[in-house]
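In what follows, residues are counted from 1 in the order of the sequence shown.
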Amino acid sequence: LVNEKFFDLCGSFGPVRVGLCTGDVSINPQAQLICCTAEVLTSIALREGASARIHYVVMDEFHYYGDPSRGAAWEIPLWRLPQAAFLLMSGTLGVNTGLYQSLER
């Protein structure tokens, strides 16, 4: 999914403005737009926190938020990147009032 979005964004904004960072590949990591895995974003959030130059985050597959084995990768950036605005997406999350209230706190 990350690679697919990388190529889509390269087509829309040009390859000079878009980077890709996964556990295996790093292409143009200083670009204005970075496509990365949740785990890479978590690593940045833990390392740099509020000083990270991240202003907007679009996170897909947010239904993993509550997953005991993978949820931290979706949770940590929310708490460690207070300067960022988040768009949280999931095709399978459904209505979850408790989660929404937790995120609003």
Student: Sub-3.5 Å donor-acceptor pair from the side chain of Ser26 to the main-chain atoms of Pro29, do we have one?
Tutor: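 No.
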Student: How would you list, by chain and number, every residue that makes a side chain to side chain contact (heavy atoms under 4.5 Å, CB included) with Ala31, sequence neighbours excluded?
Tutor: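 Ala31 satisfies side chain to side chain contact (heavy atoms under 4.5 Å, CB included) with Asn28, Ile34 only.
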Student: Tell me, please, which residues at least two apart from Pro15 pass side chain to side chain contact (heavy atoms under 4.5 Å, CB included).
Tutor: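 By the side chain to side chain contact (heavy atoms under 4.5 Å, CB included) rule, Pro15 matches Cys10.
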Student: Which salt bridge (Lys or Arg N to Asp or Glu O under 4.0 Å) pairs, counting each pair once, include a residue from residues 13-38, with sequence neighbours left out?
Tutor: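 For residues 13-38: none.
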Student: Are Leu88 and Leu78 close enough, and set up right, to give a side-chain contact (heavy atoms from CB on, under 4.5 Å), and what steps lead you there?
Tutor: CA-CA 10 Å; Leu88 308 172; Leu78 290 171; 4.1 Å; yes
Student: What's in the same ILVMFWY side-chain cluster as Leu87, cut-off under 4.5 Å, chained through other members?
Tutor: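 Direct or chained contacts put Leu87 with Val58, Met89.
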Student: Remaining members of Leu20's ILVMFWY cluster at a side-chain heavy-atom cut-off under 4.5 Å?
Tutor: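 Grouped by the 4.5 Å side-chain rule, Val2, Phe6, Phe7, Leu9, Phe13, Val18, Val25, Ile27, Leu33 form the rest of the cluster around Leu20.
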Student: On a heavy-atom basis, which atom in Ser90 and which in His63 lie closest, and how many Å separate them?
Tutor: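 Between these two residues, the closest heavy atoms are OG-ND1, 2.7 Å.
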Student: Which pairs pass salt bridge (Lys or Arg N to Asp or Glu O under 4.0 Å) with one or both residues in residues 27-46, sequence neighbours excluded?
Tutor: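 For residues 27-46, and leaving out neighbouring residues, the salt bridge (Lys or Arg N to Asp or Glu O under 4.0 Å) pairs sorted by first residue read Glu39-Arg70.
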Student: Test Thr42 against Thr37 for side-chain contact (heavy atoms from CB on, under 4.5 Å), laying out the working first.
Tutor: CA-CA 9 Å; Thr42 296; Thr37 61; over 6 Å; no
Student: Not counting sequence neighbours, which residues clear side-chain hydrogen bond (donor to acceptor under 3.5 Å, both in side chains) with Asp67? List them please.
Tutor: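 Partners of Asp67 under the side-chain hydrogen bond (donor to acceptor under 3.5 Å, both in side chains) test: Ser69.
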Student: The criterion is side-chain hydrogen bond (donor to acceptor under 3.5 Å, both in side chains); which residues satisfy it with Glu75, sequence neighbours excluded?
Tutor: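 Only Trp79 meet the side-chain hydrogen bond (donor to acceptor under 3.5 Å, both in side chains) criterion with Glu75.
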Student: Compare all side-chain heavy atoms of Glu61 with those of Trp74 and state whether any distance is below 4.5 angstrom.
Tutor: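 A side-chain contact under 4.5 Å exists here.
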Student: Using a 3.5 Å cut-off and no angle test, enumerate the donor-acceptor pairs between side-chain atoms of residues 44-53 and protein atoms at least two apart in sequence or in another chain.
Tutor:
residue: Arg47; atom: NH1; partner: Ser43; partner atom: OG; Å: 3.3
residue: Ser51; atom: OG; partner: Glu48; partner atom: O; Å: 2.6

Student: According to a hydrophobic-cluster definition based on side-chain heavy atoms being under 4.5 Å apart (Ile, Leu, Val, Met, Phe, Trp, Tyr only), do Ile76 and Tyr64 belong together?
Tutor: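 The answer is no; the residues belong to distinct hydrophobic clusters.
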Student: Not counting sequence neighbours, which residues clear side-chain hydrogen bond (donor to acceptor under 3.5 Å, both in side chains) with Ser12? List them please.
Tutor: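 Once residues adjacent in sequence are excluded, Ser12 has no partner under the side-chain hydrogen bond (donor to acceptor under 3.5 Å, both in side chains) criterion.
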